[in-house]
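Throughout, protein chains are lettered first and strands after them, A, B, ... in sequence-line order, and every chain is numbered starting at 1.
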Number of protein chains: 2
Amino acid sequence: MKLISQLAREANIPIGTIRFYEKSGLISGMTKKDVTSNNYVYYDDEVTEKLRFIKMAKAVGFTLAEIKQVIDAWYQKELTKASKMEVLNLKLEQIDTKIRELKAMKKQIKLCKSNIENGLSR
Amino acid sequence: MKLISQLAREANIPIGTIRFYEKSGLISGMTKKDVTSNNYVYYDDEVTEKLRFIKMAKAVGFTLAEIKQVIDAWYQKELTKASKMEVLNLKLEQIDTKIRELKAMKKQIKLCKSNIENGLSR
DNA sequence: CACAAGTATACAGTATACTTCATACTTGTG
DNA sequence: CACAAGTATGAAGTATACTGTATACTTGTG
């Protein structure tokens, strides 16, 4: 159980961004009901995991809306088993497509490199 | 040599988006100097290739600014051989990083799937 | 040769993902 | 106990990448 600044440090994500993610429904912390003097929000390690996942998924071009779908499939959210599976299977396909595209780009860039090395303008 | 509508069809990218890319300096067509009655812009196959590359790169999370750097390294643009190589090598590294992230996501999602199948909450 | 369809240009508007700002309350430290 | 640092909230602002609208000119077709 940690406050937002510690969470931000652990996940290496700005506090403002974390607040934005929380408002967007991607993550959620909890207020301790026995603490009445403030409304500070506490986060557990599950949130840290989610943030790491969000970071990776964003880096490979998934939108927050897509990421939210996966997170909701992951951590229940009153979805049927079937609909969760549907979301996850779709993501697996999209991931494979992205891997293929990255490999194609790699090939193209390597070709470009050897062209430059051989002094070809192309 | 084709006009923008044919280019849009071939690359399967909206005309408006192509115009936006041209204004952003990612691609460029040419006006035929022997045609004086209009200022229609013509595009060759190189542009089609570039658009395909842009599409792939965008799909895996590269920004237009990053893509422009690669395209500039690709198609001269008064850059030194060394600086082109620097750009391309950096991109190759980033691509490998993205592939690693995608594989990690794949693993995580598969784990999640088997958890759901076994009736585990997570 | 009327007229639908294509092309160019400029500018405003939209969606996504933050980022900054202002305000106000709370907590830890010397 | 003053006061710097942390936390919460709401609203406005920014950057990126389009998307749509308006206007005007050009071209191809019956």
Side-chain angles (χ1 to χ4, degrees), chain A residues 1-44 47-48 50-72 94, chain B residues 1-44 47-48 50-72 94:
Chain A
M1 284 315 205
K2 46 210 151 190
L3 289 171
I4 198 160
S5 63
Q6 198 195 329
L7 178 64
R9 264 193 308 279
E10 280 179 21
N12 199 29
I13 291 176
I15 288 179
T17 306
I18 293 175
R19 291 224 164 91
F20 174 74
Y21 288 163
E22 184 152 18
K23 217 169 45 181
S24 309
L26 276 95
I27 59 159
S28 56
M30 51 195 83
T31 51
K32 289 190 174 169
K33 40 224 161 301
D34 53 316
V35 179
T36 51
S37 64
N38 64 33
N39 48 348
Y40 288 8
V41 179
Y42 290 83
Y43 303 91
D44 57 21
V47 178
T48 316
K50 283 186 190 178
L51 287 178
R52 283 196 221 289
F53 183 79
I54 292 169
K55 222 177 177 181
M56 269 198 296
K58 264 184 45 60
V60 294
F62 287 109
T63 65
L64 293 186
E66 288 176 310
I67 296 167
K68 182 166 157 38
Q69 282 195 322
V70 176
I71 286 180
D72 287 351
Q94 291 175 340
Chain B
M1 284 313 204
K2 47 211 152 191
L3 288 170
I4 197 160
S5 64
Q6 198 194 329
L7 179 64
R9 265 194 307 279
E10 280 179 21
N12 199 30
I13 291 176
I15 289 179
T17 305
I18 293 176
R19 291 223 164 90
F20 173 74
Y21 288 164
E22 185 153 18
K23 217 168 47 179
S24 310
L26 277 95
I27 59 159
S28 56
M30 51 195 84
T31 52
K32 290 189 172 167
K33 41 223 159 300
D34 52 317
V35 179
T36 50
S37 64
N38 64 33
N39 49 347
Y40 287 8
V41 179
Y42 290 84
Y43 303 91
D44 57 21
V47 177
T48 316
K50 283 186 190 178
L51 287 178
R52 283 197 220 290
F53 182 79
I54 292 168
K55 222 177 176 182
M56 270 197 297
K58 262 183 47 57
V60 294
F62 286 109
T63 65
L64 293 186
E66 288 176 311
I67 296 168
K68 183 166 156 42
Q69 282 196 320
V70 176
I71 287 180
D72 287 351
Q94 291 175 340

Round to the nearest Å and state the distance from B:Leu3 atom CG to D:dT26 atom P. 15 Å
Between the side chains of A:Tyr43 and A:Glu10, does any donor sit under 3.5 Å from an acceptor? no
Mapping B:Ile54 and A:Tyr42 to their closest nucleotides on DNA chain D, which lands nearer the 5' end? A:Tyr42
Of C:dC18, D:dA8, C:dC11, the nucleotide closest to the side chain of A:Tyr21 is C:dC18
Rounded distance in Å - CZ (B:Phe20) to C1' (C:dA8): 17 Å
Write out the stems for DNA chain C, ordered by first number and formatted as range with range, counting runs of at least 3 consecutive Watson-Crick or G-U wobble pairs under 3.5 Å. C:1-30 with D:1-30
Of the options D:dA8, D:dA17, C:dT27, whose atoms approach the side-chain atoms of A:Asn38 most closely? C:dT27
I need the minimum non-hydrogen distance between A:Asn38 and A:Tyr40, along with the two atoms involved. OD1-N, 3.1 Å
Whole-Å distance separating the NZ atom of A:Lys58 from the P atom of D:dA17: 12 Å
Touch check for A:Ser24, heavy atoms < 4.0 angstrom, all strands: base, sugar-phosphate only, or nothing? nothing
Closest to the B:Thr17 side chain, choosing from D:dT19, C:dA8, C:dT27: D:dT19
Short side-chain N/O contact to D:dA8 OP1/OP2 from A:Arg19, under 4.0 Å: yes
When rounded to the nearest 0.5 angstrom, what distance separates CG in B:Leu26 from CZ in B:Phe20? 8.5 Å
B:Leu64 or A:Ser5, whichever maps to the more 5' nucleotide of DNA chain D: A:Ser5
Expressed as a whole number of angstroms, how long is the span from B:Ile15:CD1 to D:dG20:P? 13 Å
Using whole Å, report how far CD of A:Glu22 lies from C1' of C:dC18. 16 Å
What's the CZ-C1' distance between A:Phe62 and C:dT16, to the nearest Å? 17 Å
Smallest separation among heavy atoms of A:Val41 and A:Leu3, with atom names: O-CD2, 3.4 Å
When the distance from CE of A:Met30 to P of D:dT7 is rounded to whole Å, what number comes out? 16 Å
A:Ala65 vs A:Tyr40, nearer the 5' end of DNA chain C by closest nucleotide: A:Ala65
Could you list the donor-acceptor pairs under 3.5 angstrom formed by side chains in residues 51-60 of chain A, with sequence neighbours left out?
unit_1, atom_1, unit_2, atom_2, d
A:Lys55, NZ, A:Ala11, O, 3.1
A:Lys55, NZ, A:Asn12, O, 3.3

Can you check whether B:Asn39 has a side-chain N or O nearer than 4.0 Å to OP1 or OP2 of D:dT26? no
Roughly how far apart are A:Arg9 CZ and A:Lys2 NZ, rounded to 0.5 Å? 10.5 Å
With rounding to the nearest 0.5 Å, note down the distance linking CZ in B:Arg19 to CD1 in B:Ile4. 4.0 Å
Nearest-Å distance for atom pair CD1/P, residues A:Ile27 and C:dA17: 15 Å
